[in-house]
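Comments concern the structure below.
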Amino acid sequence: MPELPEVEVTRRSFADRIAGGTVRGVALGKPLRWPLGVEPDALVGQCVRSVGRRGKYLLMELDGGWLLLHLGMSGSLQFAPVLPPAGPHDHFELDTSRGRLRLHDPRRFGAVVHVPSLDHPRAVRLLGGLGVEPLEAGFDPVRFHQALRLRRAPIKQVLLAGDIVVGVGNIYASEALFRAGIRPTTRADRISGPRAARLHGAIVDVLQRALALGGSTLRDFLSAEGQSGYFQLDAMVYDRAGQPCRQCTTAIRTIRQGQRSTYFCPLCQAR
DNA sequence: AATTATACCTGACAGC
DNA sequence: TGCTGTCAGGTATAAT
């Protein structure tokens with residue numbers, strides 16, 4: 001469910017409210033992708049110092065370490081002083097003096113992992129290979145082009161890999177490539193400087209726009225405040241197979257790349 | 001080293 | 001009404 005905008009919207013919805021709270025209890029449901037990595041009771045009494053983000057990971061700083069939270073495909077967070085009774089898909093809950101944070105994740109591809117520091121091998125393994133943040137200054141067109149020149153895989157899959165630039169998931173990859181007029185199957189190393197620059201701009205644009213709109217939601221995205229996003233109202237190609245291109249009316253096509261669906265306009269994205 | 005396939009899990013939906 | 005197969009916003013890990 002969540003790509004970078006959704007994760008960031010989620011973060012902003014509770015970061016300031018939970019900061020300064022003291023952990024009163026931890027409740028676990030079914031196993032998530034990885035074990036928590038700490039005895040839950042060991043977190044009790046610790047203060048929540050901040051909630052940051054790296055790629056699609058949320059980084060919650062506690063007195064004695066960090067919680068890395070990932071929403072996977074179907075995860076969402078809720079934060080409120082009081083929450084309704086936990087359901088069968090609620091698998092992690094942090095009870096703090098400022099409110100309760102709950103991870104709801106039917107598919108359980110998400111994760112909550114505790115590490116003593118961000119230098120810890122576990123954290124480095126998860127975060128160390130991540131590419132640059134697309135909405136920060138480190139993401140510049142020239143370096144982006146240079147990185148693409150080293151990759152022969154299809155550009156769509158290179159974007160999804162997240163080791164050049166993070167946060168671009170399956171929806172925004174298709175959307176950004178459409179805006180840049182680039183066919184998703186194009187080898188990354190065959191993209192010229194100007195076209196890479198255009199793609200760079202498209203990525204920034206589509207992510208910023210989604211962020212401003214509160215995150216996309218093709219199904220059930222809710223921020224931790226329960227607000228629904230509405231990016232789906234103007235998806236140009238994603239999930240629009242067979243429908244007319246909003247720019248040229250040609251039928252949008254879908255293909256499979258690395259077991260994921262890709263959508264594009266065969267005319268607007270000629271190569 | 002880069003690329004591709006596999007695995008994790010549940011629910012929704014289409015077709016029979 | 002089942003049943004089966006397919007698909008779904010991710011990504012670490014194994015295999016090539």
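The figures here come from the full heavy-atom set of this structure, side chains too, leaving out hydrogens, waters and symmetry mates. Numbers restart at 1 for each chain; the letters A, B, ... are given by sequence-line order, proteins then strands.
A/Arg271 pairs by the side-chain hydrogen bond (donor to acceptor under 3.5 Å, both in side chains) definition with nothing, not counting sequence neighbours. Residues satisfying the side chain to side chain contact (heavy atoms under 4.5 Å, CB included) criterion with A/Asp140, sequence neighbours excluded, are A/Val142, A/Arg143. For A/Arg260, the side-chain hydrogen bond (donor to acceptor under 3.5 Å, both in side chains) criterion is met by no residue, not counting sequence neighbours. For A/His104, the side-chain hydrogen bond (donor to acceptor under 3.5 Å, both in side chains) partners at least two apart in sequence or on another chain are A/Asp90.
Along DNA chain B, the nucleotide nearest to A/Gln259 and the one nearest to A/Leu150 differ in position, and the one closer to the 5' end is contacted by A/Leu150.
Nearest to the side chain of A/Ser261, among C/dG9, C/dA8, C/dT11, sits C/dA8.
Counting heavy atoms from C-beta on, the side chains of A/Val206 and A/Arg179 come closer than 4.5 Å.
Sorted by first then second residue, the ring pair (Phe, Tyr, Trp, His ring centres under 6.0 Å) pairs that include residues 178-212 of chain A, not counting sequence neighbours, are A/Phe139-A/His200. Legend: side chain to side chain donor-acceptor pair (under 3.5 Å) pairs involving residues 160-170 of chain A, not counting sequence neighbours, sorted by first then second residue: A/Arg151-A/Asp163, A/Lys156-A/Asn170.
Transitive grouping of hydrophobic side chains (ILVMFWY, heavy atoms separated by less than 4.5 Å) brings A/Val204 and A/Leu177 into a common cluster. Both A/Leu28 and A/Phe79 are members of a single hydrophobic cluster when ILVMFWY side chains are connected at heavy-atom separations under 4.5 Å.
Taking a pair as Watson-Crick or G-U wobble with both distances under 3.5 Å, the runs of three or more consecutive pairs in DNA chain C are B:2-8 with C:10-16, B:10-16 with C:2-8.
Atom pair A/Leu160:CG and C/dA12:P shows a separation of 13 Å (rounding to whole Å applied). Atom CG of A/Leu32 is separated from atom P of C/dG10 by 17 Å (rounded to the nearest Å). At whole-Å resolution of the value, CD in A/Glu175 and P in C/dG9 are 12 Å apart. One atom, CG of A/Asp239, and another, P of C/dC7, lie 13 Å apart when rounded to the nearest Å. In this structure, A/His104 places its NE2 atom 17 Å from P of C/dG9, rounding to the nearest Å. Protein atom CZ of A/Phe109 is 12 Å distant from nucleotide atom C1' of C/dG9, rounded to whole Å. With rounding to whole Å, A/Asp105 atom CG is found 13 Å from C/dT11 atom P. Rounded to an integer number of Å, the gap from CG of A/Leu68 to P of C/dA12 is 11 Å.
Residue A/Ile171 comes nearest to A/Glu3 through the heavy atom pair N-OE2, 2.8 Å, listed as atom of the first residue, atom of the second, then distance.
For the P atoms, the distance from C/dT11 to B/dA1 is 23 Å, rounded to whole Å. A gap of 15 Å separates the P atoms of C/dC7 and B/dA5, to the nearest Å.
Among the atoms of the strands shown, only primed sugar atoms or phosphate atoms (P, OP1, OP2) are found under 4.0 Å from some heavy atom of A/Gly169. Within 4.0 Å of A/Arg33, counting heavy atoms only, lies at least one base atom of the nucleic acid. Residue contacts shown for A/Arg256 are limited to sugar-phosphate atoms, with no base heavy atom under 4.0 Å away.
Applying the 3.5 Å distance criterion, the base of C/dA8 shares no donor-acceptor pair with the side chain of A/Arg260.
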Side-chain donor-acceptor pairs under 3.5 Å in residues 33-45 of chain A, sequence neighbours left out?
none

Give every donor-acceptor pair under 3.5 Å between a side-chain atom in residues 115-138 of chain A and any protein atom, sequence neighbours left out.
unit_1	atom_1	unit_2	atom_2	d
A/Ser117	OG	A/Asp119	N	3.1
A/Ser117	OG	A/His120	N	3.3
A/Glu133	OE1	A/Arg53	NH1	2.9
A/Glu133	OE1	A/Arg53	NH2	3.3
A/Glu133	OE2	A/Arg54	NH1	3.0
A/Glu133	OE2	A/Gly55	N	2.6

With a cut-off of 3.5 Å and sequence neighbours excluded, list every side-chain donor-acceptor pair involving residues 18-26 of chain A.
unit_1	atom_1	unit_2	atom_2	d
A/Arg24	NH2	A/Thr96	O	3.4

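Reading DNA chain B from its 5' end, the first and the last nucleotide to sit under 4.0 Å from a heavy atom of chain A are B/dT3 to B/dG11.
The side chain of A/Tyr263 contributes no N or O atom lying less than 4.0 Å from OP1 or OP2 of C/dG9. Contact check, A/His70 against C/dG10: no side-chain N or O comes under 4.0 Å of OP1 or OP2.
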Interface polar pairs with nucleotides 13-16 of chain C, N/O, under 3.5 angstrom:
unit_1	atom_1	unit_2	atom_2	d
C/dT13	OP1	A/Arg125	NH1	3.2

